[in-house]
Asks: 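Let me give you the structure first, and then I'll get to my questions.
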Amino acid sequence: MSKKLIYFDLKGLGESLRYILHYGGIQFEDVRISHSEWPTKKNEVPSPFGKLPVLVDGDRILNQSMAIARYLGRGLDLVPADPWDEAAVDAVILTLNDLMASTSGVFREQDAAKKEALKKELVDETIPFYFTRFQNILKENNGHIGKKLTWADFVFVGVVELIEEFLQVNIQGNYPAVKELVNKIHNLPGVKEHIANRK
Ligand SMILES: N[C@@H](CCC(=O)N[C@@H](CS)C(=O)NCC(=O)O)C(=O)O
C-alpha cells in the first residue's frame, strides 16, 4: 500500500518517523508543507485533528507521531515481543512527552524576562531531572531505551534533536549515553543515507 508522511518542512516531530521509514526501506512520499502554506492547506490536509504529522497508508490515516512510530515499528520488528518490555519502552516515551509538555510554557511566554526565567528552570532543573534518569535507563539497557533496538530509540533521538534545536540547549554534550544513541541511530542503514542527503 502506498504511504505518505505529511509534515512541515522541518525535523520537529516528523524526523524520527522519516528515520524509521528510511531504516525500514519503506517507500513513502515525504510530503512537506511550509509554514506559509499551512493556513490554506490546513483544511485540505487529511488530518483528523488539524495537526501534523499524519501518515497516510493506502486509504487509512493515522495521526500522533508516537502512534505512527509504533505502528511503523511493528512491521520492522521494532516493538518488543514481551508485554512488560513493550510497556516499559512506552513508559519512557510517555515520560518524554511529559518533558516536552513542560517545555511548552517557554514558547508561549511573550514577556522576555519571564521567558528567560522559564528557560533557566528548564535547563538547570527539569532537563537534568529527566535526562539523568533517561541516561540511567540507557546504561541499564546497553545503550537502548528497551532491551533491544525499538521504535522508542528513534523517537527518543528525534525528541533530543528537537529540544536541542528549539531551546538551543546542549543535551548530548552533558549525557554521553544519549549522544551514543543519537550516533547509533544516525549510522543505521537507510538513516545514514537520509541524513547525508537531507537539506
Ligand atoms: N502530539 C502530537 C502533536 C502534533 C502537533 O502539535 N503538531 C504541530 C506541529 S509540531 C502542528 O501540527 N501545528 C500546527 C497547528 O496546530 O496548526 C504528535 O505527536 O503528533
Side-chain angles (χ1 to χ4, degrees), residues 3-24 26 28-76 78-79 86-110 115 118-119 122 126-127 130-131 134 145-146 150-169 171 178 181-182 185 191 194-195 198-199:
K3 286 187 176 47
K4 211 191 271 190
L5 179 72
I6 310 176
Y7 191 58
F8 296 103
D9 192 14
L10 45 85
K11 291 197 270 176
L13 292 173
E15 194 64 3
S16 59
L17 306 177
R18 295 184 189 116
Y19 291 163
I20 296 175
L21 286 156
H22 285 289
Y23 168 73
I26 298 169
F28 74 105
E29 198 184 331
D30 190 353
V31 180
R32 292 164 182 255
I33 297 178
S34 70
H35 277 291
S36 58
E37 289 175 306
W38 181 235
T40 49
K41 292 229 166 145
K42 189 164 177 157
N43 293 323
E44 295 164 24
V45 166
S47 169
F49 290 88
K51 302 245 183 222
L52 300 178
V54 291
L55 179 76
V56 182
D57 191 354
D59 56 3
R60 301 177 302 182
I61 292 154
L62 188 62
N63 66 310
Q64 286 293 345
S65 55
M66 318 254 157
I68 297 170
R70 215 167 185 284
Y71 164 71
L72 293 170
R74 191 167 294 279
L76 298 170
L78 291 174
V79 177
E86 183 182 6
V89 301
D90 287 354
V92 176
I93 295 304
L94 289 168
T95 306
L96 193 61
N97 260 355
D98 291 348
L99 167 60
M100 278 207 285
S102 63
T103 66
S104 63
V106 176
F107 299 108
R108 279 201 307 268
E109 183 57 62
Q110 298 297 316
K115 199 181 188 73
L118 283 175
K119 185 175 166 186
L122 264 178
T126 315
I127 288 178
Y130 281 100
F131 275 93
F134 289 143
I145 297 294
T150 63
W151 64 277
D153 294 308
F154 290 81
V155 168
F156 184 83
V157 166
V159 171
V160 167
E161 294 180 313
L162 187 158
I163 294 175
E164 287 190 325
E165 196 170 319
F166 281 93
L167 282 174
Q168 293 291 300
V169 293
I171 295 172
V178 173
L181 179 58
V182 172
I185 296 293
V191 179
H194 163 66
I195 290 174
R198 78 182 167 193
K199 283 178 261 165

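We use all heavy atoms of the structure for the numbers below, so side chains are in, but hydrogens, waters and symmetry mates are not. Quick note: residue numbers are just sequence positions, from 1. Since we're looking at a predicted model, the values are computed, not measured. We count ligands from 1, going down the list as the structure has it; atoms in each ligand are counted the same way.
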Asks: Check the orientation of Phe154 and Tyr23. Use parallel for under 30°, tilted for 30 to 60°, and perpendicular for over 60°.
Replies: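 Rings of Phe154 and Tyr23: tilted, 30 to 60°.
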Asks: Between Lys42, Met100, Gln64, which one has a non-hydrogen atom sitting closest to atom 17 (O) of ligand 1?
Replies: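 Answer by nearest heavy atom: Lys42.
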Asks: Quick one: do Glu44 and Lys41 make a salt bridge, cutoff under 4.0 Å?
Replies: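 Salt bridge absent between Glu44 and Lys41.
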Asks: Can you report which non-hydrogen protein atom sits closest to atom 16 (O) of ligand 1, along with the distance?
Replies: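 In this structure, atom 16 (O) of ligand 1 has Lys51 NZ, 2.9 Å as its nearest protein heavy atom.
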Asks: Output yes when Arg74 and Glu86 qualify as a salt bridge under the 4.0 Å nitrogen-oxygen rule, no when they do not.
Replies: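 Looking at Arg74 and Glu86, the cut-off is met.
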Asks: Can you list the atoms of ligand 1 that are under 4.0 Å from a heavy atom of Phe8?
Replies: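 Answer, ordered by atom number: 9 (C), 11 (C), 12 (O), 14 (C).
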Asks: Below 4.0 Å from any atom of ligand 1, is there a heavy atom belonging to Pro53?
Replies: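 Yes.
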Asks: With a 4.5 Å heavy-atom cut-off, do Leu94 and Met66 have their side chains touching?
Replies: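 No, side chains not in contact.
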Asks: Tell me, which protein residue and heavy-atom name are nearest atom 3 (C) of ligand 1, and how many Å apart are they?
Replies: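 Result for atom 3 (C) of ligand 1: Leu13 CD1, 3.7 Å.
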Asks: Drop me the distance from Leu55's CG to Lys3's NZ, to the nearest 0.5 angstrom.
Replies: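 NZ of Lys3 is found 7.0 Å from CG of Leu55.
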Asks: Would you mind checking which non-hydrogen protein atom is closest to atom 8 (C) of ligand 1, with the distance to 0.1 Å?
Replies: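 The protein heavy atom lying closest is Leu52 O, 3.7 Å.
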Asks: Closest non-hydrogen protein atom to atom 20 (O) of ligand 1, residue and atom name please, with distance?
Replies: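 Going by distance alone, atom 20 (O) of ligand 1 is nearest to Ser65 N, 2.9 Å.
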Asks: How many angstroms lie between CG in Leu76 and CD1 in Ile26, if you round to the nearest 0.5 Å?
Replies: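 Answer for the CG-CD1 pair, Leu76 versus Ile26, is 4.5 Å.
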Asks: Give the single entry among Tyr7, Trp38, Phe49, Phe166 that approaches atom 14 (C) of ligand 1 most closely by any heavy atom.
Replies: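 Heavy atom nearest to atom 14 (C) of ligand 1 belongs to Trp38.
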